[in-house]
Amino acid sequence: MSLVIAKGLTKTYRSGDVEVQAVNGADFSIEAASFVAFVGPSGSGKSTLLNLIGCLDHPSSGTLTVLDSDIATLDRRAAAQFRGRNIGFIFQDFNLVPVLTAYENIEYPLIMVQQWPAPRRREQVMRLLRAVGMEAQADKRPDQLSGGQKQRVAVARALVSNARLVLADEPTANLDHDTAYRIIDLMKKMRDEFGTTFVFSTHDTKIMSEAEVTYTLEDGHVVSTTDKREAAHA
Ligand code: ADP
Ligand code: MG
């Protein structure tokens, strides 16, 4: 089953008289429970593409279907609801709330977006803390955690609302190489455990080899596709 289908997808930004085709006729599809990377140099359209898939931005043309919804038809309110229900986000600079503990950062989406009763919330947060190996740091604030630990908390936060799809825009860009690999491994483990689809972007060609499916972007469109699962089945 395809979770995301893009056909001739474009996003044009206009600044003054200048038009930038940030995404320029991208075609791809993402299967449920897959582990996918978008790879390309800076400016190739990775962030724009992830923002479109995450309903944070509106396509200029083409079609984009996410979880059977035609994204172009959603207004702001419907898009926000759709995101809250289905999509988790992981960022390059972690984006944790500085005054909240690891536990509270993970709990945050459940309080803000979904009205879960307290005992169910606690059970879910503890489950995620364990899954990402951060139980012992539950009461630490972000400034008491390493970069890798912060990103573990962010991975847990992205999963806490039972998102079907997690989008991670350059999640390893602020991590050293060993830590970067460990975070990618953690995301893959979470995919295995929860069946969540993970889509990440990177400009690091070493990190990209950890993905099952890789889409290489150049100037806003997909110039090549590598599918290790196909190769394994061939
Ligand atoms: P990447 O994430 O691969 O570095 P981006 O998606 O951020 O690429 O950007 C793709 C292109 O679109 C770049 O040329 C960038 O300058 C341009 N761009 C991105 N966002 C905007 C915006 N809000 N306004 C104008 N141009 C933008
Ligand atoms: Mg980017």
Side-chain angles (χ1 to χ4, degrees), residues 3-30 34-66 71-72 74-76 79-80 82-83 87-96 147-148 150-151 154-155 157-158 163 165-177 179-181 183-184 186-187 197-227:
L3 212 69
V4 181
I5 304 168
K7 291 201 179 111
L9 185 64
T10 73
K11 178 69 193 183
T12 309
Y13 291 113
R14 206 179 307 269
S15 50
D17 292 341
V18 187
E19 274 194 358
V20 182
Q21 302 278 0
V23 172
N24 192 4
D27 293 294
F28 58 88
S29 67
I30 295 171
S34 57
F35 197 71
V36 178
F38 283 97
V39 189
S42 177
S44 58
K46 302 182 296 296
S47 294
T48 306
L49 205 52
L50 289 188
N51 288 344
L52 290 171
I53 298 171
C55 310
L56 292 164
D57 210 344
H58 217 73
S60 302
S61 68
T63 59
L64 178 61
T65 312
V66 182
I71 292 313
L74 301 180
D75 61 20
R76 285 177 79 88
F82 183 82
R83 278 198 304 275
I87 305 178
F89 294 90
I90 297 168
F91 304 93
Q92 174 176 334
D93 47 7
F94 322 118
N95 281 23
L96 300 180
K150 281 189 259 211
Q151 204 59 309
V155 169
R157 179 182 57 184
L165 173 64
V166 170
L167 302 173
D169 194 5
E170 306 231 21
T172 60
N174 286 328
L175 302 174
D176 66 71
H177 212 253
T179 310
Y181 271 108
I183 288 297
I184 297 293
L186 175 71
M187 296 198 315
T197 307
F198 276 84
V199 180
F200 68 100
S201 71
T202 182
H203 59 261
D204 183 336
T205 46
K206 290 198 203 111
I207 290 290
M208 101 191 191
S209 63
E210 297 293 301
E212 287 171 351
V213 180
T214 307
Y215 289 112
T216 304
L217 289 177
E218 239 170 66
D219 298 329
H221 61 266
V222 177
V223 291
S224 72
T225 307
T226 313
D227 191 335

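When a ligand or atom number is given, it counts from 1 through the structure's own listing order. Excluded from the calculations below are hydrogen atoms, water molecules and symmetry mates; all remaining heavy atoms, backbone and side chain alike, are included.
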On a heavy-atom basis, which atom in I183 and which in Q151 lie closest, and how many Å separate them?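 Closest approach of I183 to Q151, heavy atoms only: CD1-CB, 3.8 Å.
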| So, for A180 and L175, which heavy atoms are closest and what is the spacing to 0.1 Å? |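 Shortest heavy-atom separation between A180 and L175 comes out as N-CB, 4.1 Å.
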Value for OG1 (T197) from CD1 (I53), rounded to nearest 0.5 Å, stands at 11.0 Å
Is it the case that over 12 heavy atoms from other parts of the model lie below 6.0 angstrom from the CD atom of Q92?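 For Q92, atom CD is crowded (more than 12 foreign heavy atoms under 6.0 Å).
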Hits for side-chain contact (heavy atoms from CB on, under 4.5 Å) against D57, two or more places apart or cross-chain, chain-then-number order -> K11, Y13, N51, L52
Checklist entry - Taking the six-membered ring for Trp, are F91 and F89 parallel (under 30°), tilted (30 to 60°) or perpendicular (over 60°)? => result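 Geometry flag for F89 against F91: parallel rings.
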* S61 and T10: side chain donor to acceptor below 3.5 Å ->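 A pair is found: one side chain offers a donor N or O, the other an acceptor, under 3.5 Å apart.
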In a table with atom names and distances, give each donor-acceptor pair under 3.5 Å that connects a side chain of residues 15-23 to protein atoms at least two apart or in another chain.
from : atom 1 : to  : atom 2 : distance (Å)
E19  : OE2    : R14 : NH1    : 2.3
E19  : OE2    : R14 : NH2    : 3.3
Q21  : OE1    : T12 : OG1    : 3.1

Next item on the list: Measure distances from the Mg ion (ligand 2) and count the protein N, O or S atoms below 2.8 Å.
Entry: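 There are 1 of them.
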Practice item. Check the pair F38 / F200 against ring pair (Phe, Tyr, Trp, His ring centres under 6.0 Å), numbers first and verdict last. Key: CA-CA 6 Å; F38 283 97; F200 68 100; 9.5 Å; no
Heavy-atom contacts under 4.0 Å to ligand 1, chain-then-number order, include exactly Y13, V20, A22, P41, S42, G43, S44, G45, K46, S47, T48
